[in-house]
Peer 1: 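The structure follows.
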Amino acid sequence: MVKAAAIRRGKNLSVLNSMSVKIEKLNYRYDNDGEFQLKIDELTHEFNGPLGLYGLSGSGKTTFSRLMAGVISPVSGNIKFETESRKRHPKIVYSPQFPENILLGIRIEDMIQRIVMESGRTDLYGSIRNYLGKFSLDYNVIKGKNGYELSGGELRRLAIALSLSLSPDLLILDEPTIGLGFQGKQQLFTILEEIRKSSHVMIVSHDFRLIRKICRNFWILHCGRLIFNGDWEALRKNEKIRKVVGIDILSHFLTQYFESKEQIAH
Amino acid sequence: MRIRITDLCFQYRKSLPLFDHLTFEIPLDSVVAITGDSGAGKTTLLKLIAGILQPAKGQIDIIIPGEAGNDLHFGYLFQNPDDQIVHFNVERELAFNLENRNTSPDQMKVKVEKALREYHLTDRRDASPNDLSGGEKQRLALAGMMISNPGILLLDEPCSFLDVFSQIHLYRKIIELRRKGISIIWITQELHEIQMADYVIALKHGRVVWNGQSSRYPKGKEFVRAE
């Protein structure tokens with residue numbers, strides 16, 4: 001909790017290159033799914049501390065974050081990033097919601113070799129080993145294994161470690177804590193505290209408690225529309241939005257459930 | 001009703017043994033939470049119980065009093081719904097489990113319609129599972145499992161991909177199933193879910209490090225935390 005709070009406070013941001021994003025008339029829909037449409041008319045954001053993208057399932061979080069990362073292209077409209085240098089497009093790394101889909105069926109060593117070759121950076125080996133170590137993964141132990149021989153939590157830690165090693169300007173972590181467990185979450189918080197000094201971070205999650213712990217600013221998507229862009233103070237005052245996306249519903253449910261359980265026990 | 005695990009040994013290829021002569025019992029007349037950190041062996045244990053994996057040595061027995069076991073079968077919900085879903089269409093996916101159990105076409109139609117309504121998938125009946133969101137996929141996997149009325153449910157972190165409304169929908173479902181006497185083994189790393197269960201088994205590096213009533217489970221999570 002202490003570490004999460006420290007990340008949220010956003011200390012030492014001065015060493016980080018400033019970056020902003022401007023989104024105009026963004027429109028996306030899947031070819032074979034007529035109903036869903038992601039539509040954001042206008043959005044400008046200056047990255048300043050970890051950003052949280054929250055929404056219910058089907059709200060378009062993963063689609064939006066993949067558009068941000070350039071993994072998919074919009075049907076129309078654009079997303080423009082601006083950095084201090086203005087000379088280059090920022091490096092954006094997207095760590096996917098389902099790393100299993102990428103990491104199964106391939107030996108870990110072969111995959112890492114491929115990443116290093118494609119990046120053209122041999123120093124990447126050291127960086128990858130470093131981040132694997134921070135997530136309690138020993139390269140020598142896992143290198144000969146295939147993805148399916150790792151547990152769900154190990155696969156996710158591997159995927160995040162690989163993303164971090166690429167030194168991105170913007171790191172987008174899609175549902176990063178699924179399957180991580182208590183220790184893995186603590187390790188992630190520690191690493192995020194370190195990485196935010198050199199990279200901007202965007203956390204995408206359906207778990208608002210996680211986003212609240214880490215992030216300073218929140219984007220909330222609902223049915224393909226951005227319905228909130230602001231900090232906790234603004235969200236705290238906006239009861240309508242909180243109700244629509246169920247910000248308080250879990251704690252209400254659990255309070256009622258445990259109270260009734262206690263009454264039955266007595 | 002209980003599961004008796006005797007002298008269980010299991011290891012993945014090129015790995016150290018995960019379970020090394022493990023012996024313990026899981027009571028089955030309640031909701032049992034299996035917890036522990038990543039790599040503790042939770043999912044492997046569940047797959048061994050379900051028969052998806054075979055132990056190198058040892059035995060897993062389901063002890064059922066009387067004749068209650070005749071129709072009893074497991075329902076298994078994977079951690080990642082993509083591992084569970086096999087069809088290209090939501091409706092066909094729901095029918096799949098029933099097709100394997102010789103259900104008549106009329107009965108199948110009724111049960112599929114009921115499941116579509118119950119799990120809020122009616123609007124997505126013709127969609128490809130690839131076009132579903134993570135939460136929708138998990139609801140489809142859950143509905144596909146429940147459609148054959150299994151007597152023992154094995155749930156592998158079923159809330160991982162669910163948004164808060166679907167999560168509460170699943171909690172209500174678990175409470176309802178418990179009232180109906182269905183046994184549930186629930187892998188979870190969330191403290192509030194451990195507290196919702198009746199009995200807790202904590203694993204660490206393939207060993208049982210704590211088991212007992214959930215009301216006695218230490219809130220400091222010291223048994224979950226790996227050194």
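Throughout, protein chains are lettered first and strands after them, A, B, ... in sequence-line order, and every chain is numbered starting at 1.
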Peer 1: Do the two ring centres, one from A:F218 and one from A:F208, sit under 6.0 Å apart?
Peer 2: yes
Peer 1: Can you tell me if B:R207 has over 12 outside heavy atoms packed within less than 6.0 Å of its CZ?
Peer 2: no
Peer 1: Which class fits the ring pair B:Y12 and B:F10: parallel under 30°, tilted 30 to 60°, perpendicular over 60°?
Peer 2: perpendicular
Peer 1: Are B:Y217 and B:W210 an aromatic pair, judged by ring center distance below 6.0 Å?
Peer 2: yes
Peer 1: With a 4.5 angstrom heavy-atom cut-off, which part of B:I187 approaches chain A: side chain, backbone, both or neither?
Peer 2: neither
Peer 1: If you count heavy atoms of other groups shown closer than 6.0 angstrom to NZ of A:K39, is the number above 12?
Peer 2: no
Peer 1: For chain B, which of A:T62, A:L180, A:I247, A:L150 has the most heavy-atom pairs under 4.5 Å?
Peer 2: A:L180
Peer 1: Give, as side chain, backbone, both or neither, the part of A:L56 having an atom under 4.5 angstrom from any heavy atom of chain B.
Peer 2: both
Peer 1: Can you tell me how far apart NZ (B:K57) and CG (B:D20) are? Round to the nearest 0.5 Å.
Peer 2: 9.5 Å
Peer 1: Tell me, for A:K185 versus chain B, whether the close heavy atoms (under 4.5 Å) come from the side chain, the backbone, both or neither.
Peer 2: side chain
Peer 1: Which bit of B:Q167 comes within less than 4.5 Å of chain A, counting heavy atoms only: side chain, backbone, both or neither?
Peer 2: side chain
Peer 1: Need one label for B:T43: side chain, backbone, both or neither, based on atoms under 4.5 Å from any heavy atom in chain A.
Peer 2: neither
Peer 1: For A:I249, which atoms come within 4.5 Å of any heavy atom of chain B: side chain, backbone, both, or neither?
Peer 2: both
Peer 1: Give, as side chain, backbone, both or neither, the part of A:E154 having an atom under 4.5 angstrom from any heavy atom of chain B.
Peer 2: both
